[in-house]
Amino acid sequence: MPEKFLKPYDSAATEGRIYEAWETSGLFNPDECVKQSVTEADAPPYSIVLPPPNVTGRLHMGHALMLAIEDIFIRYKRMRGFRTLWVPGTDHAAIATQSVVEKQVKKDEGLNRHDLGREGLLKRIHAFAAESHDTIVSQLKVMGASLDWSREAFTLDETRTRAVNKVFKMMYDAGLIYRGLRIVNWDPKGQTTISDDEIVYEERPAKLYTFRYSKDFPIPVATTRPETKVGDVGVAVHPDDARYKAFVGKEYDAVFCDVPIHIKIVADKEVDPVFGTGAVGLTPAHSHTDWEVADRHLLSHEVIVINEYAKMTVAGRLKDKKTTEAREIVVEWLTSEGLLEKEEDITQNVATAERTGGIIEPLPKLQWFIEVNKQVPGRNKTLKELVTEPVRTSAIKIIPDYFEKTYFHWVENLRDWCISRQIWYGHRIPVWYKGEDISVGIEPKEDGWTQDEDTLDTWFSSGLWTFSTLGWPEQTNDFKTYHPTDVLETGYDILPFWVMRMILMTEFTLGAIPFKTVYLHGLVRDAQGRKMTKSLGNVLNPVDVAAKFGADATRMALVVGNTPGTDMRISEDKVKGYKHFANKLWNIARFVLSQERTGEPIPKLKDEFDTLARDVTNDLENYRMYLVAEKLYHYIWSRFAAEIIEESKGKPEYRETLHYILENALKLLHPFMPFITEEIYQSLPTKDAKFLMVAKWPA
RNA sequence: GCGCUCUUAGCUCAGUUGGUUAGAGCGUCCGCCUCACACGCGGAAGGUCAUAGGUUCGAAUCCUAUAGAGCGCACCA
């Protein structure tokens, strides 16, 4: 028996060494497994793409959970003989990364993006992204992830960019991508548009003002944003509202806080007659719904009164004022003119930008969109239908299944997807202009063409991730072998952002599904159930935790009892419990290895173990890792150590049984605790493989 | 407004298709350095499975209602 067993298990001295040995062996790569004859050349493929971490910093506990679950799937399938591929990669995360770097540059040097210029800023971002990338890769390795590094991808690298441009052109040619003037969600802080799902609504106290545009205006109107009223072109009332029926169709002129305005009264059934005064001032350029109402009644969209910096563009006393200042000025003016009728306190949902916290200012902008309600040529269905169908028919299975309802609910509310962003970091929109001419997908050779200034929404490239990582648009062997992938494992919070977009992009581009199963994990919270945030100071860094207790213990703590779709809590105490378990296993090995391996296993005990192995295998096939981890823990500690080993003391006829159970328990436990199981396996007197990682699964 | 989830031991949670005395970890209490392990061993206390009905031979598990908690989407003049 090796001397190392005389001391408690030392994860810190073991894990790095083991990972290096695995990596050097090349066996994370399925081709190498075939070459080294640990996998049959014609074995069925099994593939997962790693949800690419953003290159914005470092990994958090949510990543660690994701890695643990995926590595369990991968290691299990590899041991079962599949040609198993887990593709690593990182995400440039456009807006998230750019805003981190901009903040940093602002803080350190007092410079903004315009001081640096496009090239200058990009240089800084690339340097930051490269550093983040290296940190992340080393962290992925610390957690024991058996990723095939020879196939690493980046959403913004050359192959992925080729895929992005190709898909953009395909969608444009299919008439699904269009450029149009629309109200977009403008983030004045980030100076970019953002999509609907990058908005976070915050409840805030607000005032609802009831006023008239002028003394002779017949209808009082309620608003929370008086400053926008200089941009009003109409007032909408409900068609059945008896109070206002007589005024519908009439037009009025007024000078509102130094600004001449022209108001037409229209009837529209969107108006809620019981809210406020039952009359809505229409500001088409600065409100989604007003834009639509204005459309229906042929009112102008062109009165723009707020600019990209959330400042007023009108003449008079409001000129160049911030919207918040302008609001006070308008209220003062209304009061002094005797036009303000009521002021009430209400709570309002304010739209803010997820990344920057800026308050969203709806503005009309010329943007690129993907149209979701239009027939896809050759498919006879809309993108919306293409996204629904595979889930409806169970070609794609979502775990837990109740999230399918959430998914459908989400898809029903899907609107055209704004894919252009006014930031610099990301895939530049592959469109070139020359006067009236436009070239899509390919840069024209001749002079005089200029490329669109904007970049693509980061989810456009991550939507292609399952096939772009496999080399598409080339018809590579990887693409032909490993697509569609088997499982997509990710947090439920990005079901709409990412999962749906992957289905959308893959259905459109390949007419296929991107994956067969979606496994959704929950959020990792602190011991009190709070979100881990910097401001609360309760962030547990998985790499620190792994250094203290071992990656094996960290993985177990994250997996045991953690059912899909449910948030979990983690604390150092919980991880410590599994560090103790690792040590328990270590001492079991010490005891068993101190005895020679001879004789036959006791049939009753062998059967009992084999039953467990079959049970565990069945659970794994059905994505119940959270049960398997617990069962193995329980069997190894309470049954094997506490009863079987105790019973065996002084009885030589137990020797083979002990070895049999140890060896096979190591195999069952390996996907969960890869390091310590491999370390013990390497000390077994007889081994059936060079590495436990590629040994044969016992059931 | 539409929709989803949760409510099981002091705490955090399991409980796979309804089937014998409802489980685990942590915590608590008592006793042990027993020659694999004190990162350990032995033992103990602790639950009307939110409430009220129903289906069933049988329900923590299925159905209905009620209460509480959390979340998503939409609206938000």
Side-chain angles (χ1 to χ4, degrees), chain A residues 1 5-11 196-197 199 201 203 206 208-210 221-226 228-229 232 235-237 270-272 275-283 287-290 293 346-351 400 402-415 492-493 495-496 522-523 525 527-529 549-550 553 556-557 560-563 565-571 573-595 615 618-619 622-624 626-631 633-634 637-638 641-642 645-646 648-650 658:
Chain A
M1 184 187 61
F5 287 108
L6 297 176
K7 287 182 290 184
Y9 175 63
D10 183 357
S11 59
D196 294 342
D197 20 71
I199 290 178
Y201 288 95
E203 272 204 354
L208 183 67
Y209 301 95
T210 304
V221 170
T223 183
T224 53
R225 298 199 59 189
T228 64
K229 298 294 106 183
D232 281 13
V235 165
V237 298
E270 280 293 297
V271 179
D272 177 0
F275 187 92
T277 61
V280 188
L282 296 174
T283 325
S287 153
H288 272 287
T289 44
D290 292 4
V293 177
I346 58 163
T347 50
Q348 191 187 211
N349 276 333
V350 178
Y402 57 77
F403 267 101
E404 291 183 1
K405 289 178 193 162
T406 309
Y407 181 84
F408 292 135
H409 192 240
W410 218 92
V411 173
E412 274 165 34
N413 288 313
L414 192 64
R415 294 194 289 181
Y492 65 76
D493 52 329
L495 176 68
L523 268 48
R525 297 169 175 280
Q528 280 86 51
F549 303 105
M556 277 298 270
V560 173
N562 185 4
T563 47
T566 311
D567 294 353
M568 69 160 322
R569 302 179 185 203
I570 194 145
S571 60
D573 274 347
K574 191 168 180 187
V575 183
K576 195 160 87 185
Y578 295 100
K579 176 190 189 294
H580 293 175
F581 176 59
N583 197 53
K584 187 74 188 177
L585 187 64
W586 191 248
N587 280 294
I588 289 170
R590 174 178 171 180
F591 181 82
V592 173
L593 294 177
S594 69
Q595 309 181 45
D615 183 33
N618 181 44
D619 282 335
N622 291 289
Y623 303 97
R624 294 191 291 257
Y626 53 96
L627 280 183
V628 174
E630 199 170 348
K631 283 176 183 173
Y633 178 96
H634 198 240
W637 199 315
S638 309
I645 287 182
E646 287 306 320
S648 78
K649 285 181 178 171
L658 298 184

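Proteins come first, then strands; the chains are lettered A, B, ... in the order of their sequence lines, and each starts at number 1.
- Straight-line distance between the C1' atoms of B:G43 and B:U48: roughly 28 Å, to the nearest whole Å.
- Atom-to-atom, CD1 of A:I346 to P of B:C76 comes out at 12 Å; the value is rounded to the nearest Å.
- When the side chain to side chain donor-acceptor pair (under 3.5 Å) test is applied to A:R415, the partners found at least two apart in sequence or on another chain are A:D196.
- Between the CG atom of A:D272 and the P atom of B:G1 there is a distance of 13 Å, given to the nearest Å.
- Among residues two or more places apart in sequence or in another chain, the side chain to side chain donor-acceptor pair (under 3.5 Å) test is passed with A:S287 by A:T289, A:D290.
- A:R590 comes within contact range of the sugar-phosphate backbone alone, with a heavy-atom separation under 4.0 Å but no base atom that close.
- For the pair A:F591 CZ and B:A36 C1', the computed distance is 6 Å after rounding to whole Å.
- Considering every non-hydrogen atom in both A:W410 and A:P496, the closest pair reads CE2-CB, 3.1 Å.
- In this structure, A:E270 atom CD and B:G1 atom P are separated by 18 Å, rounded to whole Å.
- To the nearest whole angstrom, the two C1' atoms, one in B:A60 and one in B:G18, are 10 Å apart.
- Under the side-chain contact (heavy atoms from CB on, under 4.5 Å) criterion, A:I346 pairs with A:A206, A:L208, A:T224, sequence neighbours left out.
- Every ring pair (Phe, Tyr, Trp, His ring centres under 6.0 Å) that A:Y623 has, sequence neighbours left out, goes to A:F73.
- Summarising the geometry, the separation between NZ on A:K576 and P on B:C26 is reported as 10 Å, rounded to the nearest angstrom.
- Judged as a side chain to side chain donor-acceptor pair (under 3.5 Å), and not counting sequence neighbours, the contacts of A:D567 are A:Y492, A:R525.
- The separation of B:C73 from B:C57, taken at their P atoms, amounts to 45 Å, rounded to a whole angstrom.
- Using a 4.5 Å cut-off on side-chain heavy atoms (C-beta onward), A:L495 and A:Y407 make contact.
- You'll find the side chain of A:F591 reaches within 4.5 Å of the side chain of A:I645, heavy atoms only.
- Annotation: B:G72 and B:G27 have their P atoms spaced 34 Å apart (nearest Å).
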Report summary line: Output field dot_bracket for RNA chain B (Watson-Crick or G-U, both distances under 3.5 Å, | for other-strand pairs) contains (((((((..((((.....[...)))).(((((.......))))).....(((((..]....))))))))))))....
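- Listed by chain and number, the residues in a ring pair (Phe, Tyr, Trp, His ring centres under 6.0 Å) with A:Y578 are A:Y633 (sequence neighbours excluded).
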**Report entry** Contact letters for nucleotides 2-15 of chain B, in which S counts primed atoms plus P, OP1 and OP2 and B counts the base, heavy atoms under 4.0 Å
**Finding:** B-SS------SSSS
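- B:A9 sits 26 Å from B:U66 when the C1' atoms are compared, rounded to a whole Å.
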Under 3.5 Å between N/O atoms: give me all the protein pairs with nucleotides 28-34 of chain B, atom names plus distance.
none

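- Taking atom C1' on both nucleotides, B:U7 is separated from B:A14 by 15 Å, rounded to a whole Å.
- Applying the side chain to side chain donor-acceptor pair (under 3.5 Å) test to A:K7 and every residue at least two apart in sequence or in another chain returns nothing.
- Of the candidate nucleotides B:U16, B:C73, B:A36, B:A36 has the atom nearest to the side chain of A:I645.
- Using a 4.5 Å heavy-atom threshold, the side chains of A:R624 and A:N618 count as touching.
- One can place CG of A:D619 at 7 Å from C1' of B:U16, the figure rounded to the nearest angstrom.
- Residues satisfying the side-chain contact (heavy atoms from CB on, under 4.5 Å) test with A:P8, not counting sequence neighbours, are A:N583.
- As rounded to whole Å, 10 Å separates atom P of B:C26 from atom CG of A:D573.
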Are any protein N/O atoms closer than 3.5 Å to N/O atoms in nucleotides 39-47 of chain B? If there are, list each pair with its distance.
{"residue": "B:C39", "atom": "O4'", "partner": "A:H580", "partner atom": "NE2", "Å": "2.9"}
{"residue": "B:C39", "atom": "O2'", "partner": "A:N583", "partner atom": "ND2", "Å": "3.2"}
{"residue": "B:C39", "atom": "N3", "partner": "A:K579", "partner atom": "NZ", "Å": "3.1"}
{"residue": "B:G40", "atom": "OP1", "partner": "A:H580", "partner atom": "ND1", "Å": "3.3"}
{"residue": "B:G40", "atom": "O3'", "partner": "A:K584", "partner atom": "NZ", "Å": "3.1"}
{"residue": "B:C41", "atom": "OP1", "partner": "A:K584", "partner atom": "NZ", "Å": "2.7"}
{"residue": "B:C41", "atom": "OP1", "partner": "A:W637", "partner atom": "NE1", "Å": "2.7"}

Requested in this report: Report the C-alpha separation of A:K574 and A:M568 in whole Å, then their side-chain angles, then the decisive distance to 0.1 Å, and conclude whether the side chain to side chain contact (heavy atoms under 4.5 Å, CB included) test is met.
Outcome: CA-CA 12 Å; A:K574 191 168 180 187; A:M568 69 160 322; 3.8 Å; yes
Query raised in the report: side chain to side chain contact (heavy atoms under 4.5 Å, CB included) between A:E630 and A:H634: does it pass, once the steps are laid out?
Result: CA-CA 6 Å; A:E630 199 170 348; A:H634 198 240; 5.7 Å; no
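- Heavy-atom contacts from other residues, nucleotides or ligands closer than 6.0 Å to NZ of A:K631 number more than 12.
- Among the atoms of the strands shown, only primed sugar atoms or phosphate atoms (P, OP1, OP2) are found under 4.0 Å from some heavy atom of A:T224.
- With contacts defined as side-chain heavy-atom distances shorter than 4.5 Å, the pair A:L282/A:D232 does not qualify.
- B:A65 and B:A22 have their P atoms separated by 30 Å, given to the nearest Å.
- Per the geometry, CG belonging to A:N349 stands 13 Å off C1' belonging to B:G1, to the nearest Å.
- Within the nucleic acid shown, A:D493 has no heavy atom closer than 4.0 Å to any nucleic acid atom.
- Residues A:D290 and A:D615 both approach RNA chain B. Their nearest nucleotides, taken by heavy-atom distance, put A:D615 toward the 5′ side.
- The gap from the C1' atom of B:U17 to that of B:C13 amounts to 22 Å, rounded to the nearest Å.
- Mapping A:R525 and A:T289 onto RNA chain B by nearest heavy atom places A:R525 at the nucleotide closer to the 5' end.
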